[in-house]
Each structure stands twice: as structure tokens, then as C-alpha cells.
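Quick note on labels: first sequence line is chain A, next is B, and so on, each numbered from 1. Owing to the predicted nature of the structure, the values given are computational and were not obtained by experimental measurement.
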Amino acid sequence: MAIEKPLSEMPIGTVGTVIENGLTGLTKRRLMDLGFIPGSKIEVLRKSPAGDPTAYYVRGTIIALRNNEASHISIIPHNKF
Amino acid sequence: MCSVNTDLSGRLETLVQEAKGKYSKEVREKIVDNIYREAENIAKRTVVKPPKKLDWDGKIDNILTSRITGYPIMLLLLGVIFWITIVGANYPSQMLFKILFWGEEKISTLFYFLGMPQWLHGFLVLGVYRCVAWVVAVMLPPMAIFFPLFTLLEDLGFLPRVAFNLDNFFRKAGAHGKQSLTMSMGFGCNAAGVIACRIIESPRERLIAILTNNFVPCNGRFPTLIVISSIFMGGALAAPYSSLVTPLVIVGIVLIGIMVTLIVSWLLSKTLLRGVPSTFTLELPPYRRPQIGQIIIRSIFDRTVFVLWRAVKVAAPAGGIIWLLANTYLGDSSLLNSLATAIDPFARGIGLDGIILTAFILGLPANEIVLPIMIMGYLAEGALLELDSLIALKTLLLDNGWTLMTALSVMLFSLLHYPCSTTLLTIKKETGSLKWTFLGAIIPLAVSVLVLFILNSISSLLLLMN
Amino acid sequence: MGYSCKSCKKCMLKDNFNITKDKDGLVIALAGNPNTGKSTIFNALTGLNQHTGNWPGKTVLQAQGTCIIKGKKCTLVDLPGTYSLLANSIDEVVARDFLCFAKPDATIVVTDATCLERNLNLALQVLEITDKVVVCVNLMDEAERKGIKVNTDLLAAELGVPVIPTSARSKQGLDELISMVYELATGNITSNPNPIPYDQDLEEAIQELQPQIEALLKGRLNSRWVALRLIEGDEELLEGIKNYLSQEELEEDRVEEKCAQ
Ligand SMILES: Nc1nc2c(ncn2[C@@H]2O[C@H](COP(=O)(O)OP(=O)(O)O)[C@@H](O)[C@H]2O)c(=O)[nH]1
Ligand SMILES: [Mg+2]
């Protein structure tokens with residue numbers, strides 16, 4: 001069964017599909033332009049040695065987000081669950 | 001014709017207002033989604049990707065951003081770059097000294113042969129020529145090595161990884177993660193670093209980045225740091241390792257600069273520039289194979305020659321002025337001497353002396369000329385010795401009472417003091433505000449005086465206790 | 001206010017975008033995602049030295065330079081790299097305003113062959129604004145190295161505009177690129193971009209708004225695109241229209257005479 005989870009809580013290696021971009025305003029629009037929109041495939045690649053930000057593979061590019069923003073994006077993980 | 005215009009925008013405005021009520025907020029999301037969907041469909045039909053790619057980038061990133069090796073590798077790389085720069089610049093620098101001071105002799109001979117007056121020779125040769133010669137001999141070799149190495153890292157795609165690794169510290173300091181990119185540009189030139197701050201969109205975080213860019217030692221300051229550290233600290237380790245000391249010291253200085261940057265950024269974000277961190281997104285582009293030939297040509301001709309020429313343009317008049325100051329007498333002391341004596345007590349309070357501080361003050365137009373001014377200041381006071389090597393320089397500095405503590409203080413002051421006038425003008429241009437320009441000078445000055453004062457108080461306390 | 005020189009095309013370029021254009025010269029814009037090689041192409045064509053490097057965001061100053069194509073003086077403008085043109089940042093507004101209101105004779109959209117999908121997202125948005133576009137699929141050497149193949153002919157058919165593969169750093173494909181840009185800019189060939197199909201309800205809304213917009217703007221901007229902006233409530237664009245289009249008046253010809261003096 002598929003359960004929505006915040007992107008920020010996904011361990012490295014998770015592959016999933018974006019369900020909702022729950023941010024607001026300009027931040028939301030920016031992240032949408034970068035490909036964080038419902039339906040996008042996403043992979044959690046690696047964390048900065050300091051723990052934050054995290055790098056994601058989305059629509060052909062690696063994009064790093066801080067946990068604060070990633071926590072508002074929910075995904076359904078495909079593997080490991 | 002005005003009525004037509006008002007009409008046009010007026011009627012558009014009505015349309016906008018009508019539309020506003022009509023369509024839901026999710027419509028934008030739908031538009032973005034539709035465009036992406038189309039892009040995805042077209043890409044699917046036109047691009048063939050290999051089924052399983054060997055992910056070299058991922059492997060490299062795993063090492064560069066690993067919890068264990070991430071930071072050590074960054075430091076190591078920085079150290080290696082400095083090591084290559086310092087070791088590689090050593091011999092060419094000596095050569096340049098020899099050639100340029102041989103030139104000075106020849107020109108002097110010519111002057112005497114032509115029967116030129118003493119003051120003209122002093123002004124042109126001992127002032128202008130000597131200052132330019134110093135700047136060229138000390139600056140050119142390290143720059144010609146440092147710039148290509150740095151451009152290489154830039155072309156490989158290393159800088160975004162640095163930003164990725166350091167972002168958390170900047171976030172905690174209330175600053176923007178891309179500040180490390182602007183700092184990287186500052187290594188080349190702080191004015192360029194200040195312009196690069198445009199990549200930070202939030203005005204608050206951009207100002208923080210602009211005001212603290214000075215704490216990254218630019219190429220005009222590296223040579224000073226390198227020379228002083230190799231004279232006073234190079235002997236700290238025995239023969240096979242002695243060449244490692246200077247790079248280590250420079251890495252240490254850079255680390256202090258980064259720490260001060262974070263602390264000042266934090267203070268600013270708690271006081272003058274209060275606010276919440278803005279969104280941070282960073283693309284980590286794939287590594288690309290650099291074009292070595294292009295890099296060398298580009299960094300030498302575009303950057304090195306450009307920066308050197310700018311320094312020479314400042315050094316020439318500065319050299320002349322220093323000579324005039326040192327040779328114009330009011331009563332029985334020269335102007336330079338009077339100035340140095342006047343500020344000497346204050347300078348001593350922070351571990352410097354009058355001449356050093358004078359050099360930093362007169363060096364405002366370009367950091368490159370600080371060391372030459374210092375030397376000329378000392379030379380003007382004492383006997384005129386042949387200064388054609390670093391060993392001679394060491395003697396000169398020791399004769400003028402320098403200690404390890406003086407050397408450390410000068411290096412820290414060079415790292416922290418106000419930015420050069422070009423950078424200040426750039427700050428003015430970028431912020432459009434005299435207030436921020438003023439703060440851009442006064443904050444670093446305050447920090448540097450504070451740090452030196454504390455350092456020297458501790459050191460004299462320790463001396464007293466012994 | 002009376003007439004200022006602001007009103008003719010030549011002076012409007014000069015005043016608003018700081019572009020000096022020769023009488024029969026061409027203005028060519030370089031748009032694209034960050035880090036796709038725009039500045040590399042710009043440098044190769046103009047012989048200038050814009051800062052290039054492998055990190056997004058390094059081109060912070062909008063650069064312009066000139067080059068001669070087939071005897072015609074062309075002004076090349078290196079726009080800031082953006083991921084989209086939906087005006088979410090200053091860079092995006094700059095790039096979009098330039099495409100909308102400076103009306104370059106041709107626009108080169110530089111894309112990265114190794115991640116075409118993301119780049120097409122921007123290319124499609126540019127195509128909604130102007131049809132005088134050549135899509136340059138750059139970094140072909142990198143794509144080859146990674147085993148990625150791009151069918152540029154099919155891509156051209158899908159998009160409805162010319163597509164040229166290049167490897168800008170080794171200057172491959174640049175000759176083809178500029179001759180295609182020249183043909184398009186001078187009108188020797190025309191392009192016909194395929195519109196992005198939107199969901200049913202959006203299409204209906206567009207149909208409703210488009211005629212009204214067309215009547216107002218008289219073809220000075222792509223009405224389908226403006227309709228979409230109205231639908232999403234983009235007020236930034238209204239500002240742009242007020243700023244730029246009002247200057248461009250119906251009596252353009254008369255004013256142009258004045259400017260010539
Ligand atoms: N391998 C390869 N690298 C390229 C090519 N074009 C550009 N680059 C490199 O890609 C990086 C980004 O290029 P740049 O022109 O600065 O991109 P811009 O951000 O679009 O202006 C630089 O390191 C270039 O050297 C190409 O065709 N092949
Ligand atoms: Mg660029």
C-alpha cells in the first residue's frame with residue numbers, strides 16, 4: 001500500500017513519485033519550475049556531510065534542497081516499503 | 001497618444017481582474033505540469049539513453065560529500081593548490097627579482113650618465129620603478145599559477161559541491177548557501193566576489209554576502225601572506241617538510257577568514273539584517289572534462305594580466321608618492337616618518353608599528369602595494385641596502401623589530417582589514433548605498449582591530465607571566 | 001511629455017535594454033538553462049571573454065557583443081540562464097522582458113543534450129513567446145560520452161523550429177548554427193512552432209480570452225501566451241506591457257523620422 005511521506009524523511013536511495021508540493025508562494029513556484037511537481041520521479045541521492053541540505057535527482061538534474069523545504073513535499077516511495 | 005496608452009493598460013487591467021476571479025489558484029500548477037508533460041513526451045520520443053550508465057559522477061560525489069572525507073578533501077585540495085602555488089612561484093620570483101633589480105642598476109647608471117638631478121632619480125627609480133618591480137616580482141608568479149589551478153576547479157564543477165558541503169553552516173549563520181560561491185570568486189578578487197553576490201536573490205542575504213566578502217583573502221593579499229609566512233614561519237619544520245609550512249599557514253589563515261565570515265554573518269543576521277533564511281536551491285551540475293589549454297590561456301591572459309595591470313597602475317604613482325613622503329622634510333623628520341610616528345602608539349597597541357599601519361592606509365587603492373610600501377618605508381628610514389631577495393627582506397624586517405607576533409598580526413590584519421577601494425566602489429555600485437559601503441569598510445576594520453587587540457593582549461600577558 | 005526618442009524601435013532598444021543596433025543589423029538573443037554553454041557560444045561567436053565555468057549562476061552581467069554574419073552586423077545578447085520564464089526571479093523577468101519587448105530578430109535557445117527534458121521545458125516556454133527560435137542542442141560531445149543519442153531531426157519536427165546539434169567548446173556545429181540563425185532572422189526561412197497542448201479546461205479559457213487580447217495588442221505579443229499569463233494571474237507581465245508597449249506607439253513612423261535627426 002502506498003503512503004505519502006515527506007521528502008525530507010526519505011533515506012538515501014529512495015526512489016519515488018512526487019504527490020504534492022505543499023509549499024506556498026514564490027518558493028513553491030520556484031521548486032515547481034525545477035521539476036518538483038506532482039508526477040515527477042525523484043531519487044534521494046545524498047546528504048551534505050553536515051546533514052543538510054540533501055541532493056535529489058529530479059527530471060535529469062541533481063538539485064539540492066534544505067530539509068525545511070523538502071519537508072513540505074510529499075512523495076510515494078517505490079522501493080523499500 | 002497618451003489616451004491610447006492608458007486605454008490599453010486600462011483594458012488589460014480589467015481583463016486581468018476578470019481573470020483573477022475566474023480561475024482557481026491551482027491553474028498555475030496545471031500550466032507548469034502541462035509544459036513539463038509535453039517536454040517529457042518530446043524527450044521520450046527524441047532521446048535514447050543507455051540502459052545502465054556507469055555513474056562516475058555519483059562515485060566522485062560520494063567521496064567529495066561524504067561525512068568522513070568531505071571536509072578533509074576540501075581542505076586538502078585547498079592546501080595542495082597553495083602548495084603548488086608557493087613552491088612553483090618560488091624560483092620564478094627569484095628570477096624576476098634578479099632581472100628587475102639588475103634593470104634598476106642599469107637605469108640608475110643611465111640617469112647618472114645623463115646627469116639627471118638626484119631627486120628625479122629618487123622619484124622615478126627609487127620610487128616608481130622600485131614599487132612596480134616589487135609588485136611584479138612578488139605578485140606575478142603566484143597569480144600565474146593560482147588562477148589556472150582555480151579555474152580548473154571551477155571548470156570541473158567543484159564549486160557547487162563546496163556550496164553543498166558548507167550550506168548548513170551558512171544556514172545556521174542566517175546566510176545564503178550560495179555565499180560560498182561568492183566567497184570562491186573572492187579568492188580571485190573581492191570586487192568580482194561582490195559582483196557575484198547577484199546570484200543571491202534575497203536582498204538581506206545578498207548584503208550579508210557583500211559585506212563579508214572581504215574576509216576571503218584576494219589575490220592581492222596572498223603574496224603578502226605567502227612572503228611573510230615563509231620568512232617567519234617557514235623554519236618551523238625540518239628540511240623535507242619545511243615547504244609544507246607556508247601552505248599550512250595559508251590554509252589556516254583562510255579557515256580563520258571563513259570562521260570570521262560565519263560569525264559576522266551571524267551577527268549581521270541577528271542585528272542589522274534580521275530575517276529568516278530564504279529558499280535555497282542548488283544545482284549540482286555533472287562534472288565536465290576541463291580544457292587545459294583553454295584554461296591556461298584564459299586565466300593568464302584574462303585574469304592574471306588584468307589584475308597585474310591594475311596593480312601596476314596603482315603601484316607606479318604610489319611608489320612615487322611614498323618616495324616624496326619619505327624625502328620631504330618638515331623640520332628634521334620626513335613626512336612619512338611624522339605620519340608613522342603619529343600613529344605608532346596606536347599601531348603598537350595592536351601589535352603593528354607606525355610604518356606597517358601607514359602602509360595599510362596608503363595601500364587602500366590596492367592590497368598588492370601594502371608590502372612594497374612597508375619595505376620602502378623601512379628603507380627610507382635606514383640605510384639603503386640592496387633588497388633583491390627574500391633573505392634581505394627578512395634582515396630588513398628583523399632590523400625593524402619584527403617578531404613572530406608581528407608577522408602573525410600583520411597577516412591577520414591583512415586578512416581582516418577593510419577592502420581595497422576598487423571593492424568599496426563596487427559595493428557602492430552594487431548596493432547603491434553609502435551606508436552599506438561605509439559599513440563594508442568599518443565592520444572589517446572593527447573586527448581586525450578587535451582581533452589584533454585581543455591577540456596582543458593575550459600575548460603580552462603570557463610574556464608577563466613567564 | 002511630448003515625443004521622446006523612446007518611441008521608435010531603435011531608441012526603445014537603446015533606452016530599455018541598452019542595445020545599440022545598426023540600421024539593418026540584427027539582434028540575436030541567447031537563452032537557455034544555466035550551465036548549458038550560452039557564454040561559451042557567445043564567446044566563440046563574438047570573440048569576447050564572458051566568464052564561463054561549471055557552476056550555475058556565474059553569468060551575472062547581461063553581456064552583449066557583436067559579430068558579422070554574412071556581412072551583416074549582429075548584436076548578440078547573452079541572457080541570464082533560467083529554468084523557466086514564469087517570472088519567478090529577477091533573472092527570469094529580465095530574460096522574459098527581453099524576449100517579449102526587445103523582440104530580437106532571432107533567439108537561440110541553448111539546451112544540454114545530456115538532460116534534454118528539463119531544457120525542453122524552457123525551450124517550449126520560449127516558443128510560446130516567439131517563433132523566431134533556433135534550438136541549439138549543445139554538449140553533444142558530453143552526451144556521446146555518456147551514450148546518450150538525440151534525434152535532432154525528429155526534435156525539429158516535434159518542436160516546429162530548426163534544431164542544430166553543437167559542441168560549443170570544440171566549436172563544432174557553430175557554423176551551421178549561425179547560418180540557420182541568419183536564415184531565420186532575415187526571413188529566408190520561417191518556423192512554425194507546435195503549440196503546447198493544455199488540458200481541456202485551460203484550452204477553453206484560452207479560446208475565450210485570446211480574441212479580446214488580440215484586439216487589444218494587435219499582434220504585438222503572442223496572444224495565446226498572454227492569455228495563459230492572464231489565466232494564471234501574472235501581474236508582472238502587465239507591468240511589462242505598461243512599461244514597454246505604451247512607448248511603442250501607433251505613430252511609429254512619424255517618430256522614427258524624428259529620431260533619425
Ligand atoms: N564538453 C563540453 N563542455 C562544454 C560545451 N559547451 C560548454 N561547455 C562547458 O560547460 C560549462 C558551462 O558553460 P557556460 O558557457 O559557462 O554556460 P552558461 O551558464 O550557459 O553560460 C563550462 O565549463 C564550459 O566549458 C560543450 O559543447 N562540450
Ligand atoms: Mg553564462
Side-chain angles (χ1 to χ4, degrees), chain B residues 1-2 4-6 8-9 11-13 15-16 18-20 22-23 25 27-28 30-32 34-36 38-40 42-50 53 151 154-160 163 178 181 185 195-199 201 282-283 285-291 294 298 301-302, chain C residues 1 34-35 49 52-58 60-61 84 86 89-90 113-114 116-121 123-125 139 142 145-152 154-155 158-159 169 196-199 201-202 205 209 212-213 216-217 228 230-235 238 241-242 245-246 249-251:
Chain B
M1 79 190 245
C2 268
V4 181
N5 299 339
T6 344
L8 172 64
S9 47
R11 279 163 66 189
L12 266 174
E13 190 104 47
L15 274 182
V16 172
E18 273 175 33
K20 235 187 188 168
K22 232 176 185 166
Y23 306 102
K25 276 199 180 135
V27 72
R28 186 191 189 100
K30 198 176 236 172
I31 292 177
V32 175
N34 283 188
I35 302 175
Y36 255 118
E38 178 73 356
E40 190 178 339
I42 297 180
K44 248 185 213 147
R45 290 192 285 265
T46 54
V47 181
V48 185
K49 290 202 174 182
K53 52 183 195 305
T151 313
E154 191 185 337
D155 258 22
L156 274 168
F158 183 66
L159 299 189
K178 286 188 183 165
L181 294 176
M185 290 296 105
I195 293 177
C197 292
R198 290 184 185 186
I199 61 173
E201 256 201 60
L282 175 76
E283 187 187 339
Y287 293 100
R288 284 179 190 151
R289 194 175 307 158
Q291 282 181 311
Q294 270 289 316
R298 228 174 60 209
F301 287 97
D302 298 0
Chain C
M1 251 205 328
N35 227 24
N49 278 312
T52 64
N54 194 6
W55 53 286
K58 73 239 141 228
V60 284
L61 302 161
S84 116
L86 296 174
S89 69
I90 304 165
T114 62
L116 201 59
E117 178 188 329
R118 170 179 298 280
N119 286 256
L120 284 178
N121 180 50
L124 287 168
Q125 292 183 38
L139 294 146
E142 286 289 315
R145 207 166 58 85
K146 293 184 175 168
I148 297 168
K149 290 195 176 64
V150 181
N151 184 341
T152 47
L154 184 59
L155 185 60
E158 293 272 356
L159 293 173
R169 229 170 46 175
I196 303 169
Y198 288 97
D199 288 353
D201 50 343
L202 278 173
L209 278 170
Q212 302 177 52
I213 293 164
L216 269 180
L217 296 178
L228 279 159
L230 290 190
I231 292 169
E232 63 165 344
D234 182 340
E235 313 213 6
L238 195 67
I241 292 179
K242 275 187 204 158
L245 279 196
S246 328
E249 250 323 302
L250 304 163
E251 296 160 286

Side-chain donor or acceptor of Asp155(B) paired with backbone N/O of Gln291(B) under 3.5 Å: no
Top of Lys178(B), Lys44(B), Lys49(B), Glu283(B) for chain C proximity - count of heavy-atom pairs under 4.5 angstrom: Glu283(B)
Distance in Å, Thr46(B) OG1 paired with Glu117(C) CD, rounded so as to fall on 0.5 Å steps: 10.0 Å
Proximity breakdown for Leu282(B) and chain C, heavy-atom pairs closer than 4.5 Å: neither
Inter-residue atom distance Glu40(B).CD - Ile42(B).CD1, 0.5 Å rounding: 11.0 Å
When Leu86(C), Ile231(C), Leu155(C), Asn119(C) are compared by non-hydrogen pairs under 4.5 Å with chain B, the top option: Ile231(C)
Top contributor to chain B contacts, counting heavy-atom pairs under 4.5 Å, from Gln212(C), Gln125(C), Glu232(C): Glu232(C)
Structural part of Ala205(C) lying under 4.5 Å from a heavy atom of chain B: both
Side chain, backbone, both or neither of Leu230(C) within contact of chain B (heavy atoms, under 4.5 Å): both
N-O pairing of Arg28(B) and Asp234(C) below 4.0 Å: no
Segment of Pro286(B) engaging chain C (4.5 angstrom heavy-atom cut-off): both
Which of Leu209(C), Leu202(C), Leu116(C) touches chain B most, by non-hydrogen pairs under 4.5 Å: Leu202(C)
Which of Ile148(C), Asn121(C), Leu120(C) touches chain B most, by non-hydrogen pairs under 4.5 Å: Asn121(C)
Inter-residue atom distance Tyr198(C).OH - Asn34(B).CG, 0.5 Å rounding: 7.0 Å
Separation between CZ of Arg169(C) and CG of Leu139(C), rounded to the nearest 0.5 Å: 8.5 Å
Arg288(B): salt bridge (charged side-chain N to carboxylate O under 4.0 Å, His left out) partners, not counting sequence neighbours: Asp112(C)
Between Val150(C), Asp199(C), Thr114(C), the one whose heavy-atom pairs under 4.5 Å with chain B are most numerous: Asp199(C)
